[in-house]
Amino acid sequence: MDTRLKEVLMRKTFPVLVLMAGIALMVALLTLVGCRRSSERKTVAVTFAPQADVARALGDGRYEVVTLIKPSTNPETYDPSMNEMTALQQSGLYMSLGTPGFEQATLPRLVENFPGLEVVDVAGGVTAVEGTHGHGEGDPHLWSSVRNMKVIASSMAEALASYDTDDTEGYRERESALQTRLQALDDSLATILEPVRGATFVVVHPSLSYFARDYGLNQFSLEREGKEPTARQMQQRLDSAAAARPLLMIAEPSHNPDQAWTIARQLGIDTIQVQLNAANWTEQLTRLAYRLAEAGARQLSGK
């Protein structure tokens with residue numbers, strides 16, 4: 001073939017070859033994306049970080065876990081952002097604790113708009129502590145108790161096994177291992193706190209009712225029935241708190257921690273800040289137990 005003719009043909013053919021190669025590459029990429037999407041893990045949603053910790057232990061990487069209420073957020077005033085709404089919409093299962101605020105007021109309306117979302121209340125087996133938040137409501141801070149979380153973990157395992165039926169036996173085995181770890185933690189906390197059984201600690205908001213119940217402690221809350229005290233009520237409660245010889249002031253980031261530090265100084269006691277609804281909730285409870293035990297030992301020695 002004539003050299004000039006070859007050059008002409010190459011000039012005409014090369015762009016077509018490039019275009020065909022580009023199309024082939026695009027098809028390959030779309031195929032990869034399609035495969036990736038088809039193999040994406042399922043998504044489940046929970047309200048609080050301690051639930052997410054349990055869900056991940058039970059799922060062992062089988063799905064993504066979306067946590068709606070961040071640890072530093074007050075659950076009673078929480079309002080979901082657009083990103084959180086999108087994450088909830090993309091979830092197939094939502095495991096609720098039925099707490100006041102978002103779960104009771106807003107979630108039912110959202111569910112109407114997300115027909116593909118299955119909602120399961122995983123706190124039905126928990127025995128509520130009544131009378132701390134007014135209006136006949138049980139204390140919603142269920143995660144402050146390892147014993148509550150054992151009940152919740154059992155319900156979550158059942159919900160997840162029903163949602164992800166490919167690994168029913170795996171959920172049963174992982175729940176058993178998790179229950180063993182939680183029981184060991186409960187036993188450890190009980191041992192640490194036994195020397196201060198019957199002692200008092202002070203809080204601004206009554207978030208530790210279940211913790212106090214489990215280990216024979218007295219929670220003295222400055223806030224009653226969801227209401228902040230008047231100046232006169234505050235002085236009366238401070239006098240009562242001082243008379244109870246409390247071991248420690250417990251502050252939370254979502255419940256006026258600055259006020260807690262001020263009150264602790266007035267009472268002459270130390271303060272510990274804990275984030276009860278954090279992902280490392282087991283570490284938070286363990287640290288709190290040790291600090292209470294240390295404060296009790298100092299009080300007993302008169303130091």
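- Residues Leu178 and Arg181 form a side-chain contact, since some pair of their non-hydrogen atoms from C-beta on lies under 4.5 Å apart.
- Within the 3.5 Å criterion, the main-chain N or O of Gly198 finds a donor-acceptor partner in the side chain of Asn218.
- Summarising the geometry, atom NZ belonging to Lys42 is positioned 15.5 Å from atom CD belonging to Gln90; distances are rounded to the nearest 0.5 Å.
- Between the side chain of Ser154 and the backbone N or O of Lys150, no donor-acceptor pair lies under 3.5 Å.
- Alongside Met82, the hydrophobic cluster contains no other residue (criterion: ILVMFWY side chains under 4.5 Å).
- Listed by first and then second residue, the ring-ring contact (aromatic ring centres under 6.0 Å, His included) pairs that reach into residues 68-101 are Tyr78-Phe102, sequence neighbours excluded.
- Sequence neighbours left out, the pairs with a member in residues 236-249 that pass side chain to side chain donor-acceptor pair (under 3.5 Å) are Gln235-Asp239.
- Listed by chain and residue number, Asp167 satisfy the side-chain hydrogen bond (donor to acceptor under 3.5 Å, both in side chains) test with Arg174 (two or more places apart in sequence, or in another chain).
- Annotation: Gln273, atom CD; neighbour count of heavy atoms from other residues, nucleotides and ligands within 6.0 Å is above 12.
- Under the 4.5 Å side-chain criterion, counting only non-hydrogen atoms from C-beta, Tyr63 is in contact with Leu160.
- The ring pair (Phe, Tyr, Trp, His ring centres under 6.0 Å) search around Trp143 returns Phe48, His141, not counting sequence neighbours.
- Shortest non-hydrogen contact noted between His205 and Glu252 is O-OE2, 4.3 Å.
- Between the side chain of Gln284 and the main chain of Leu276, no donor-acceptor pair closer than 3.5 Å is present.
- Proximity of Asp270 to Arg291: side-chain heavy atoms (C-beta onward) are separated by under 4.5 Å at one or more points.
- Under a hydrophobic clustering in which Ile, Leu, Val, Met, Phe, Trp and Tyr are joined whenever their side-chain heavy atoms come within less than 4.5 Å, directly or via other members, Val204 and Val274 fall into different clusters.
- Between Met95 and Ile152, the closest side-chain pair of non-hydrogen atoms is not below 4.5 Å.
- Residues Val146 and Asp214 form no side-chain contact, since every pair of their non-hydrogen atoms from C-beta on lies 4.5 Å or further apart.
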request  = I would like to know whether Met234 and Gln259 meet side-chain contact (heavy atoms from CB on, under 4.5 Å); could you show each step before the answer?
outcome  = CA-CA 12 Å; Met234 176 62 83; Gln259 183 187 29; 3.3 Å; yes
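- The two residues Ala49 and Ala279 have their closest heavy-atom pair at CB-N, 3.4 Å.
- Judged as a side-chain hydrogen bond (donor to acceptor under 3.5 Å, both in side chains), and not counting sequence neighbours, Thr180 has no contacts.
- Scanning all heavy atoms of the two residues, the minimum distance from Leu182 to Ala153 falls at CD1-CB, 4.4 Å.
- Heavy-atom neighbours of Glu158 CD from other residues, nucleotides or ligands within 6.0 Å: at or below the threshold of 12.
- Without hydrogens or angle criteria, Thr286 side chain to Thr282 main chain gives a donor-acceptor distance under 3.5 Å.
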Kindly list each side-chain donor-acceptor pair under 3.5 angstrom involving residues 114-129, sequence neighbours excluded, with atom names and distances?
unit_1	atom_1	unit_2	atom_2	d
Asp121	OD1	Ala123	N	2.9

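- Residue pairs meeting the side chain to side chain donor-acceptor pair (under 3.5 Å) criterion with at least one member in residues 184-203, sequence neighbours excluded, are Arg147-Asp186, Gln183-Asp187, Asp186-Tyr215.
- Panel note: side chain Glu84, backbone Pro80; no donor-acceptor pair is recorded below 3.5 Å.
- For Gly296 against Leu247, the heavy-atom pair with the smallest separation is CA-CD2, 3.6 Å.
- With sequence neighbours excluded, the residues that form a side-chain hydrogen bond (donor to acceptor under 3.5 Å, both in side chains) with Gln179 are Glu175.
- A search for salt bridge (Lys or Arg N to Asp or Glu O under 4.0 Å) contacts involving Glu112 returns nothing, not counting sequence neighbours.
- Panel note: side chain Ser301, backbone Arg298; a donor-acceptor pair is recorded below 3.5 Å.
- Trp281 and Val65 fall within the same hydrophobic cluster, defined by Ile, Leu, Val, Met, Phe, Trp and Tyr side-chain heavy atoms under 4.5 Å apart, directly or through other members.
- Atom CG of Leu58 is separated from atom CZ of Arg56 by 12.0 Å, given to the nearest 0.5 angstrom.
- Scanning all heavy atoms of the two residues, the minimum distance from Ala260 to Ala251 falls at CB-CB, 3.6 Å.
- Phe220 and Leu292 are not part of a single hydrophobic cluster, where members link through side-chain heavy atoms under 4.5 Å apart.
- When the side chains of ILVMFWY residues are joined at heavy-atom separations under 4.5 Å, either directly or via intervening members, Met85 and Val66 end up in a single hydrophobic cluster.
- Atom CD1 of residue Ile250 and atom CG of residue Leu208 lie 5.0 Å apart, to the nearest 0.5 angstrom.
- Looking only at distances, no side-chain donor or acceptor of Glu103 sits under 3.5 Å from a matching main-chain atom of Thr47.
- Atom CG in Asn83 sits 11.5 Å away from atom CG in Leu68 (nearest 0.5 Å).
- Hydrophobic cluster membership is shared by Met156 and Leu88, with clusters built from Ile, Leu, Val, Met, Phe, Trp and Tyr side chains linked at under 4.5 angstrom.
- Through direct or relayed side-chain contacts under 4.5 Å between Ile, Leu, Val, Met, Phe, Trp and Tyr, Ile192 connects to Tyr290.
- Using a 4.5 Å heavy-atom threshold, the side chains of Ile269 and Leu248 count as separate.
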query = Phe201 and Gln219: side-chain contact (heavy atoms from CB on, under 4.5 Å), yes or no, with the steps?
reply = CA-CA 5 Å; Phe201 61 82; Gln219 173 182 248; 3.6 Å; yes
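- Atom CG of residue Asp139 and atom CZ of residue Phe211 lie 13.5 Å apart, to the nearest 0.5 angstrom.
- For Pro246 against Ala241, the heavy-atom pair with the smallest separation is CD-O, 3.0 Å.
- Arg287 and Asn280 share no side-chain donor-acceptor pair at under 3.5 Å.
- Between the side chain of Tyr171 and the backbone N or O of Asp164, no donor-acceptor pair lies under 3.5 Å.
- In this view, Asp258 and Asn256 satisfy the side chain to side chain contact (heavy atoms under 4.5 Å, CB included) rule, not counting sequence neighbours.
- Between Ile69 atom CD1 and Asn277 atom CG the span is 8.0 Å, to the nearest 0.5 Å.
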